[in-house]
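What follows is a single structure, written as structure tokens, with notes after it.
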There are 2 protein chains.
Amino acid sequence: MATIYDVAERAGVSLATVSRVMNKNTNVGEKTKQKVLAAMAELDYRPNTFAQSLASNSSNSIGVLVSQLDGPYYGPMMAEIESALRAANKHVIIAVGHSDAAQEIDSVEFLLGRGCDALILDVEAVSDEYLIELSQGATPIVLINRYISEISERCIYLDNELGGYLATRHVLELGHRDIAYVSGPKRKHDANERLEGHKKALAEFDVVYKPSLCFEGDYKEDGGVVAMEHLLDSAQRFSAVVCANDQMVSGAISVCLERGLKVPGDLSFVGYDNIPFARYISPKLTTVNNPIHEMGKMAALWLLKNIYKNDQLEVTNVFVPELVVRGSARRPGNK
Amino acid sequence: MATIYDVAERAGVSLATVSRVMNKNTNVGEKTKQKVLAAMAELDYRPNTFAQSLASNSSNSIGVLVSQLDGPYYGPMMAEIESALRAANKHVIIAVGHSDAAQEIDSVEFLLGRGCDALILDVEAVSDEYLIELSQGATPIVLINRYISEISERCIYLDNELGGYLATRHVLELGHRDIAYVSGPKRKHDANERLEGHKKALAEFDVVYKPSLCFEGDYKEDGGVVAMEHLLDSAQRFSAVVCANDQMVSGAISVCLERGLKVPGDLSFVGYDNIPFARYISPKLTTVNNPIHEMGKMAALWLLKNIYKNDQLEVTNVFVPELVVRGSARRPGNK
DNA sequence: CTGCAACGTCGTAAATGGTAGCCATAAGTC
DNA sequence: GACTTATGGCTACCATTTACGACGTTGCAG
């Protein structure tokens with residue numbers, strides 16, 4: 001492989017000039033520039049990234065840590081991050097934290113050890129303190145899906161409470177009063193925020209929150225199955241079910257269908273996240289839009305702006321969820 | 001940050017010895033080893049990966065190029081690759097090719113330029129010749145989802161024709177004779193292979209293949225929608241629809257439901273891929289299992305075995321699809 | 001008992017391929 | 001003639017890996 005020396009020699013210029021041409025910060029005469037460019041092309045020269053990284057102490061790589069890679073949730077986010085970063089010629093190194101504190105920390109260390117210039121983190125298990133301390137280190141971080149007031153400008157997040165509120169208010173406005181809620185895991189921040197929103201909406205309509213109508217799911221389809229079976233078997237009355245994410249809705253609906261219940265005839269459902277599949281499930285899911293892909297993109301832009309000093313980029317930190325009304329919820333008793 | 005030099009000094013040994021302790025390939029006396037280890041711990045020493053890469057000319061990173069990151073398909077694959085590689089302390093750099101030749105080639109160059117030790121490629125648009133040539137380069141590659149006879153040992157793939165055959169044979173065995181087929185994009189290898197399997201099954205049952213009953217979709221939900229509308233509007237008779245992937249089935253079913261058609265009462269469906277959602281769609285999808293996550297894992301293991309010389313790893317190149325019978329297909333006329 | 005080869009252990013120093021800053025020089029500009 | 005701009009030529013530096021060689025110990029043959 002050709003080195004920068006070979007290029008310099010072939011172009012008849014010095015090392016320094018070649019370096020100047022590549023890092024177009026200083027002035028180089030047009031003619032010499034062309035000579036150098038020609039030499040680089042002839043030799044099929046590619047700067048050795050290892051050497052560049054060593055000398056400049058930066059790798060042009062961004063570590064992205066997500067909770068999981070499968071499931072409908074993170075794909076769109078990763079896609080946006082990759083494309084935004086790639087356009088800036090940065091590359092993304094991925095790691096998975098599995099919503100487990102030890103694994104999350106381990107992954108952060110791993111990414112740091114790999115010399116990432118910055119980190120995009122979607123972590124759930126790790127403490128606020130850990131993240132605050134981490135943010136004071138040499139490697140900049142951005143948080144997706146999490147709000148920590150001390151480092152709020154590094155947080156890209158959704159107003160989950162508002163989303164939870166919107167979902168429940170929708171069924172309340174339709175006339176439902178007996179509303180079951182399938183929450184996400186209590187250890188997850190967003191799950192609790194969504195639940196708070198749910199409670200807030202109930203309170204606003206003077207409906208008392210019954211813990212017995214709230215079931216803690218796992219954010220997966222199967223959690224919806226288990227929750228629905230539990231709820232149905234508990235012989236409690238309810239005409240609507242609000243789920244903390246769409247995957248659980250789909251699980252829950254599948255149980256209803258199996259038991260001969262009509263959706264939304266007998267039971268109304270509202271989901272959360274607006275995953276791509278939501279519109280192809282039958283009935284089409286009424287849900288709360290979670291612009292996760294935009295948040296991914298924003299995290300990438302934040303980095304580009306703040307780390308690589310690419311200004312003229314506008315970043316928004318907080319995203320507001322919106323209700324997407326489709327067909328899974330309607331007035332009670334209106335079969 | 002402490003350097004290897006600091007460690008050497010503190011341990012009272014030379015640079016080389018410290019290096020030897022880290023890369024446990026050569027012999028170091030137990031006593032010195034302990035001294036070095038102690039010094040490293042005291043200084044919280046972490047080798048600088050940039051320098052390691054420069055000196056060793058290897059980065060411990062694997063480039064993974066996939067067609068897309070969103071959708072239900074690649075997530076599980078990426079998850080397996082990441083976990084297998086991470087366990088071996090390698091990291092994965094991702095790139096997206098978008099099923100476009102130019103972008104795929106660009107991504108390969110990008111990954112190569114980043115000094116990846118090896119590449120895992122799931123590419124569709126690029127030619128066999130390109131890949132054969134690439135495989136002769138310095139950087140080893142593994143292909144997922146593609147078979148090229150010249151480099152067959154580097155291919156990890158599914159017998160797609162068999163899968164297509166299985167899907168169609170299933171509805172044939174149920175008694176269907178008028179069978180529509182929604183194919184994937186003709187430019188994709190796997191789409192054509194699946195279609196071949198379909199034709200083979202038809203022939204076996206002496207049913208003539210009608211091009212008018214075959215519609216080219218795009219492998220996405222919306223393609224299923226478009227295909228179904230087209231098929232339904234064409235006023236042709238058919239009692240079963242075989243789709244080249246599950247996403248299109250879900251789109252197709254949503255059209256049927258909207259038009260008041262019962263599934264599988266009026267129309268039977270068979271999908272392909274067995275995506276996680278397949279069992280939560282109503283009716284639960286009868287489909288062909290595509291062990292994409294296992295193939296991802298296998299690709300990673302192949303690399304570990306062949307590049308990093310980690311023997312005692314068994315690798316399988318070809319995976320066989322299996323029919324998963326659930327509820328979306330039944331006998332014709334049996335409502 | 002001795003001589004020496006083999007071996008394990010460790011240090012020295014040379015790559016590895018760049019970046020970046022400094023200063024000198026030459027040519028062009030006002 | 002002072003000033004600016006383009007370029008060359010050095011050199012220090014980045015943190016490792018690795019070839020090569022030195023040194024001491026051991027075991028074995030003569």
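Here is the naming used below: chain letters follow the sequence lines, and residue numbers restart at 1 for every chain.
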Please work out if [X] contacts a base, only the sugar-phosphate, or nothing of the nucleic acid, heavy-atom cut-off 4.0 Å.
X	result
B:T32	sugar-phosphate
B:G115	nothing
A:Y5	base

Between [X] ([atom1]) and [N] ([atom2]), how many Å, whole number?
X	N	atom1	atom2	result
A:M22	C:dA20	CE	P	10 Å
B:F50	C:dG17	CZ	P	18 Å
A:N57	C:dA20	CG	C1'	14 Å
B:L43	D:dA15	CG	C1'	15 Å
B:L15	D:dC20	CG	C1'	16 Å
A:K35	D:dG8	NZ	C1'	11 Å
B:Q52	D:dC14	CD	P	17 Å
B:R20	D:dA15	CZ	C1'	17 Å

Inset, instruction - Determine, for A:D70 against A:K220, whether the closest basic-nitrogen to carboxylate-oxygen distance falls under 4.0 angstrom. - result: no

Which nucleotide sits closest to the side chain of [X]: [options]?
X	options	result
B:A51	C:dG17, D:dT17, D:dA15	D:dA15
B:L54	C:dT19, C:dG17, C:dC22	C:dG17
A:N48	C:dT19, C:dG17, C:dC10	C:dG17
B:V13	D:dT16, C:dG11, D:dG8	C:dG11
B:S14	D:dA19, C:dC10, D:dT16	C:dC10
A:S19	D:dT18, C:dG17, C:dT19	C:dT19
B:A55	D:dG8, C:dT16, C:dG17	C:dT16

Legend entry - Distance-minimising heavy-atom pair for B:T3 and B:Y45: C-CE1, 3.5 Å

Legend entry - Closest non-hydrogen atom pair, A:V21 against A:L37: CG1-CD1, 3.6 Å

Legend entry - Matching residue for A:R146 among A:D190, A:D128, A:D122 - test: side-chain hydrogen bond (donor to acceptor under 3.5 Å, both in side chains): A:D128

Inset, instruction - Could you point out which residue of B:L65, B:L303, B:L143, B:V108 forms a side-chain contact (heavy atoms from CB on, under 4.5 Å) with B:L119? - result: B:V108

Inset, instruction - With DNA chain C as reference, determine whether A:S56 or B:E30 sits nearer its 5' end, using the nearest nucleotide of each. - result: B:E30

